[in-house]
2 protein chains.
Amino acid sequence: MDVKTLTLGVLCLGEASGYEIKKRFEDAFQHFFAAGFGSIYPALKKAEEEGLVTCTEVPQEGRPDKKVYRITAAGRAAFAAELAATSPEHKVRSEFLVLIYFAHLLPPARLAEVLEERQRGFEEMRRMVEGCDVECPEAGELTPALRFVAGYATAVFGAAIDYIDAHKGELVDAIKEGSSR
Amino acid sequence: MDVKTLTLGVLCLGEASGYEIKKRFEDAFQHFFAAGFGSIYPALKKAEEEGLVTCTEVPQEGRPDKKVYRITAAGRAAFAAELAATSPEHKVRSEFLVLIYFAHLLPPARLAEVLEERQRGFEEMRRMVEGCDVECPEAGELTPALRFVAGYATAVFGAAIDYIDAHKGELVDAIKEGSSR
DNA sequence: CAAAGCATGTAATCGGTTACATGATTGT
DNA sequence: ACAATCATGTAACCGATTACATGCTTTG
């Protein structure tokens, strides 16, 4: 699945500009599907060429015109078809775990930093996911699907945080001993 | 961090051929850093050109010669420097969570399949990570770092599996109701 | 006064995946 | 017989990141 497809997904939920889609990616998908302007704008352009979305330019003062995109029937169908065909992959690319795997080649002080930095990162992620719950009470109750995703993320980040917290001291001590010997 | 760098890391642990490095990636890094032949072989070639590894061709019968790579002092230094400079990122790209997020656009039967498929995937991963413990008793005790990585993965996969198991019925039921209404 | 937010885009580059190309041996 | 394992590589392609380019408004 590429950025163009998920962009279609966002537009299924309502019209939006490229900038707004980027924000959606940040506060809803960030923890499982990141994307920057450099992939969103070209994706929107291509989707428009293919008739999957339409675009209305809204004049703005002191800014470039806002381009509001709306999904078409063809776009909706394309997104549904893509969803039906994608298998539930789940890939992780973790420099953090590489660093731990080769901890013996890291200065012990740096190792401790690495562990705390990642722990803070996970804590921030968890806060954000839980915040999602609180942020949108106006839209009525969270749908079951959204609750599932948020609950999943909370559980997984929680497990990661707890594990790091419970074992970091032990690891750092062992590496310190190893490097002084 | 790219494949070339992690390849250097593997060679820090002992000499190996491209094929053997690929196996290492599969049974040690798979859950946090995947790589295929198409990135490993060119990485090795480039590392050799840069003097980070040396290569000895070992004649084989009925197969292409085996090319055994060994890391050089420069290679070791380059790897250590790279490690010291990399920040502990941790990125997830999950088609699975996208599928759940848009569960309302999926046939309920497919949703149930998706949940079970991913659960099985995580269970397999967890088994593999735990197996790591059992597979290499000859190399003496697992180092603290290796234990940390295995323990982390076990905890996180466990949390994911438990969460899916506890909430999949609820989700599927809710989506079924939504689509019949 | 500086930083963050609003708003759009392009081009170069980079890294990785996939498919192709070859072929013997061993296990089911 | 067929699949898997051993063993190496290349080339085309694809998608994403990064840097560049511009510039006003709001908030701290």
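Basis for what follows: all heavy atoms, side chains included, without hydrogens, waters or symmetry-related copies. Lettering follows sequence order; numbering is per chain, from 1.
- For B:Pro64, taking side-chain heavy atoms from C-beta onward, the closest of the listed nucleotides D:dA7, C:dG16, C:dT8 is D:dA7.
- Here A:Ser39 reaches the OP1 or OP2 of D:dT17: one of its side-chain N or O atoms lies under 4.0 Å away.
- With the nearest nucleotide of DNA chain D identified for both A:Phe33 and A:Arg63, A:Phe33 has the one nearer the 5' end.
- Ring planes of B:Phe148 and B:Tyr152: parallel class, angle under 30° (limits at 30 and 60°).
- Taking atom NZ of A:Lys46 as the reference point, atom P of D:dC14 lies 8 Å away to the nearest angstrom.
- With salt bridges taken as basic N to acidic carboxylate O contacts below 4.0 Å, one links B:Lys4 and B:Glu50.
- In this entry the distance linking CG of A:Leu6 with P of D:dG15 reads 14 Å, nearest Å.
- Rounded to whole Å, atom P of C:dG5 lies 15 Å from atom CD of A:Glu20.
- Residue B:Tyr69 places its side chain closer to D:dG9 than to any other of C:dT10, D:dT8, D:dG9.
- When rounded to the nearest whole Å, the span between CD of A:Glu82 and P of D:dG15 equals 10 Å.
- Going from atom CD of A:Gln60 over to atom C1' of D:dT26 covers 15 Å, rounded to whole Å.
- Atom NZ in A:Lys22 sits about 15 Å away from atom P in D:dA16, given to the nearest Å.
- For A:His90 and B:Phe122, the distance between ring centers is under 6.0 angstrom.
- In summary, A:Lys46 and A:Glu49 do not engage in a salt bridge, as defined by a charged side-chain N under 4.0 Å from a carboxylate O.
- When distances are taken from the side chain of B:Lys23 to each of D:dT17, D:dT10, D:dC6, the shortest belongs to D:dC6.
- Comparing D:dT10, C:dG9, D:dT8 against the side chain of A:Lys67 picks out C:dG9 as the nearest.
- Counting only distance, with no hydrogens or angles, the side chain of B:Ser94 and the backbone of A:Phe32 share no donor-acceptor pair below 3.5 Å.
- Closest contact between the side chain of B:Asp2 and the listed nucleotides C:dG15, D:dT8, D:dT17 involves C:dG15.
- For B:Glu61 and D:dC6, the CD to P distance is 17 Å, given to the nearest whole Å.
- Along DNA chain C, the nucleotide nearest A:Pro42 and the nucleotide nearest B:Ala35 are compared for position; the residue whose nucleotide lies closer to the 5' end is A:Pro42.
- Regarding B:Leu44, its CG atom lies at a distance of 14 Å from the P atom of C:dG16, rounded to whole Å.
- The listed nucleotides are D:dA16, C:dG16, D:dA7; the one nearest the side chain of B:Arg93 is D:dA16.
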